Colleague: 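First the structure, then my questions, so here it is.
We use all heavy atoms of the structure for the numbers below, so side chains are in, but hydrogens, waters and symmetry mates are not. Treat the numbers as computed from the prediction; the structure is a model and nothing was measured.
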Amino acid sequence: MECPVDYNEKKQTVIVSVSEEEVGKQIRIYLNGKQEPEGNHVVERCFEFLNRAEIEFMLKDELYGLIKAGKSVPVLLAELHTRKLNADLFGALAEIIIG
């Protein structure tokens with residue numbers, strides 16, 4: 001069953017509305033794996049962070065390209081991890097991506 005889904009930008013939360021007749025039943029919610037709910041602005045926030053980061057331009061460009069590709073969060077984090085980035089850089093990007 002499809003349910004209405006909304007995104008609260010201020011709280012950065014996803015809100016799923018379940019109809020009354022489903023109350024009391026066990027439900028499971030599957031998200032489609034998108035890295036960026038509407039309004040989350042992950043790509044823009046990563047760009048702003050990378051723009052200020054004191055790293056080589058080529059690395060900034062490579063990382064931004066990966067993030068902009070729109071892959072699922074687990075795939076994106078795995079690809080960033082394989083780059084063997086500085087722990088602080090990886091941690092900051094992961095925090096933005098995961099939310």
Colleague: Which pairs, with at least one residue in residues 55-67 and sequence neighbours excluded, count as a side chain to side chain donor-acceptor pair (under 3.5 Å)?
Modeller: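 As it turns out, the side chain to side chain donor-acceptor pair (under 3.5 Å) pairs with a partner in residues 55-67, which skip direct neighbours, are Glu62-Arg83.
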
Colleague: Below 3.5 Å, can you tabulate the donor-acceptor pairs from side chains in residues 47-55 to any protein atom, sequence neighbours excluded?
Modeller:
{"residue": "Arg52", "atom": "NE", "partner": "Glu48", "partner atom": "O", "Å": "3.4"}

Colleague: In Å and rounded to the nearest 0.5 Å, what is the CD1 to CD distance from Ile67 to Glu79?
Modeller: 11.0 Å

Colleague: Could you list the donor-acceptor pairs under 3.5 angstrom formed between side-chain atoms of residues 86-99 and any protein atom two or more places apart in sequence or on another chain?
Modeller:
{"residue": "Asn86", "atom": "OD1", "partner": "Asp88", "partner atom": "N", "Å": "2.6"}
{"residue": "Asn86", "atom": "OD1", "partner": "Leu89", "partner atom": "N", "Å": "3.3"}

Colleague: Would you say Leu77 ends up clustered with Leu59 if hydrophobic residues are merged whenever their side chains have heavy atoms under 4.5 Å apart, either directly or through other cluster members?
Modeller: yes

